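Notes follow once the structure below has been shown.
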Amino acid sequence: MTRERLRGQAEEFAATLTHVLNATVTTGAHLTVFILDDTGHAIVAPSRTDPDTIDEVGWVPLSTAASEAEREAAPLGLKIRFRVGLDGEGDHLQVETSVFGLCVSRATGFCPIRVEYDRSKTSKQRAHVQVHGESAGLAYAFARAGQPLRPLHKLHLPVGGHRFRPTLEDFIEFLAQEHLIPEPKPGWQEVLRRSRSGWETHQVRAAVRRHPEAAAAQLRLQGYTVAPP
Amino acid sequence: MARGGRAAVDVVDVPTSVVLALIDEELAKAGVSRERFVALGRADELDDDRLRDLWLMLGPVLDER
C-alpha cells in the first residue's frame, strides 16, 4: 500500500515537473520515476527515450526548437534530479534531496551553478547554492580570517532553509531573467506563477501539519473559529 | 526492470542489485571505494559533481544497508 502510494504521488510530481519544463524552457522533456526497490525511495529525473538509463546525466536541453536534433545540440542544459519518499506518517510525498543546475556540458554534467537540498543534512546548509568561479574578495576574507582559501564552489550558500528553499520554478525564472534561456516559451511567466502557487500551498499545508498549534493561533487571530480534534 | 505509469511519465522499478551495480560502476570510474564514498558522502566532502549526485540520489541504498 505504502509503495503504491509512493508510486502514485511520485508519478503525479513527475507529471507536474514535466508540464512546467515543456511549457517554459524546452520541448519534449520526459521525466521518469525510478522506484528504488523496497527502500521507500524513488528518483524523479529526466530520461531519454530509454527510461532504463538511470545512469544518464539528467539533462534537459534549454531549447524550445521544434526539431529534436536542434534541441539535442543545445549548448546549455538544466540538470534536475529529485529523490522523494513518503513522510513519517506514510501519507504525503516529500522531497528528500534535490539537485538542479545550469549545465554547460552534457558529457560531464558540469554545472557552474547548482542548487542542492538535502533534508537529512545537519552539518551544513540543507538548502544551498554552489557557484563555480573566482572571487578575489572571498580570498581576501579567508586571508583576513586567518584561514586557508576555499574555492567559491565549496561554499554552501544558504537559501531559504528547509521549508522555503528555491523551487525549480524560481530557478527557471532566474535563468530567464538573466537571459540564460535562449527562447522561453510564450506565457512562461504564467506557467511558473501557477505552478509556484501550487507548491506554496503544498508547503503551507505541510507547515500546518507540523505546527498545528501555531496555525490555529494565527487563524483565531484572523477571526476564525478553530476547535481541536 | 518493470515499467508502467501514465502516458506522460514512465515509472520504472529498479532492483537494489541494479542500483548497487550502477554505484560500483561509477565508483570504479572515479577510483573510489564504497567505504570511502560513504564516508565522504556522510561528511559532505564529495567534490566531484557526478559523485555528489550519486550520493544525493542513491546514497541511502548504501547508507541504510
Side-chain angles (χ1 to χ4, degrees), chain A residues 3 7-8 10-19 22 30-45 47 50-55 57-58 79 81-83 85 96-99 101 103 108-111 114 116-118 120-125 130 132 151 153-154 156, chain B:
Chain A
R3 187 184 168 99
R7 173 183 287 263
E11 205 176 328
E12 193 176 323
F13 180 56
T16 300
L17 294 176
T18 299
H19 167 70
N22 288 325
H30 190 85
L31 269 68
T32 296
V33 176
F34 299 95
I35 305 285
L36 301 182
D37 218 339
D38 54 2
T39 61
H41 307 290
I43 293 174
V44 176
S47 62
D50 178 2
D52 285 351
T53 52
I54 187 173
D55 54 333
V57 172
K79 175 186 280 189
R81 292 178 177 193
F82 292 86
R83 191 181 78 222
E96 297 169 344
T97 61
S98 64
V99 179
C103 302
T108 64
F110 174 63
C111 304
R114 286 166 62 94
E116 280 189 16
Y117 170 66
D118 185 346
S120 66
K121 194 191 295 283
T122 53
S123 60
K124 294 186 179 169
Q125 298 295 325
Q130 288 170 282
H132 285 263
H153 74 271
K154 283 212 168 193
H156 293 189
Chain B
M1 290 186 272
R3 190 177 307 171
R6 302 176 187 196
V9 176
D10 277 309
V11 181
V12 182
D13 287 292
V14 188
T16 298
S17 59
V18 171
V19 175
L20 292 175
L22 169 64
I23 291 172
D24 286 342
E25 189 183 324
E26 287 295 321
L27 295 183
K29 281 185 213 164
V32 176
S33 69
R34 269 195 200 181
E35 293 70 25
R36 179 88 178 128
F37 177 60
V38 170
L40 290 172
R42 283 179 180 159
D44 199 8
E45 293 293 342
L46 289 165
D47 285 338
D48 182 309
D49 281 355
R50 285 187 74 94
L51 294 186
R52 285 187 72 81
D53 290 350
L54 196 67
W55 174 258
L56 285 170
M57 295 300 124
L58 302 178
V61 177
L62 288 178
D63 212 26
E64 293 166 8
R65 284 168 72 82

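Per chain, numbering begins at 1; letters A, B, ... match sequence-line order. Bear in mind that the values here come from a model prediction, so they are computed numbers and not experimental data.
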Are the charged groups of D53(B) and K79(A) less than 4.0 angstrom apart, N to O?
yes

Out of curiosity, D118(A) CG to R52(B) CZ, how far, rounded to the nearest 0.5 Å?
9.0 Å

State, yes or no, whether a side-chain contact exists between L36(A) and M57(B) at a heavy-atom distance under 4.5 Å.
no

Return the minimal non-hydrogen interatomic distance between H30(A) and D10(B), and the atom names on each side.
NE2-OD2, 2.9 Å

Inter-residue atom distance D49(B).CG - H132(A).NE2, 0.5 Å rounding:
4.5 Å

Less than 4.5 Å to any heavy atom of chain B: does that hold for the side chain of E96(A), its backbone, both, or neither?
neither

Under 4.5 Å from any heavy atom of chain B, what part of S98(A) do you find: side chain, backbone, both or neither?
backbone

Quick check against the 3.5 Å criterion: does R83(A) have a side-chain atom that pairs as donor or acceptor with the backbone of L56(B)?
yes

What part of H156(A) gets within 4.5 angstrom of chain B, counting heavy atoms only: side chain, backbone, both, or neither?
side chain

R3(A) atom CZ, over 12 foreign heavy atoms within 6.0 Å
yes

Taking all non-hydrogen atoms of both residues into account, name the closest pair between A14(A) and V9(B) and its distance.
CB-CG1, 3.7 Å

Taking the side chain as every heavy atom from C-beta outward, state whether D13(B) and R7(A) have any pair of such atoms under 4.5 Å apart.
yes

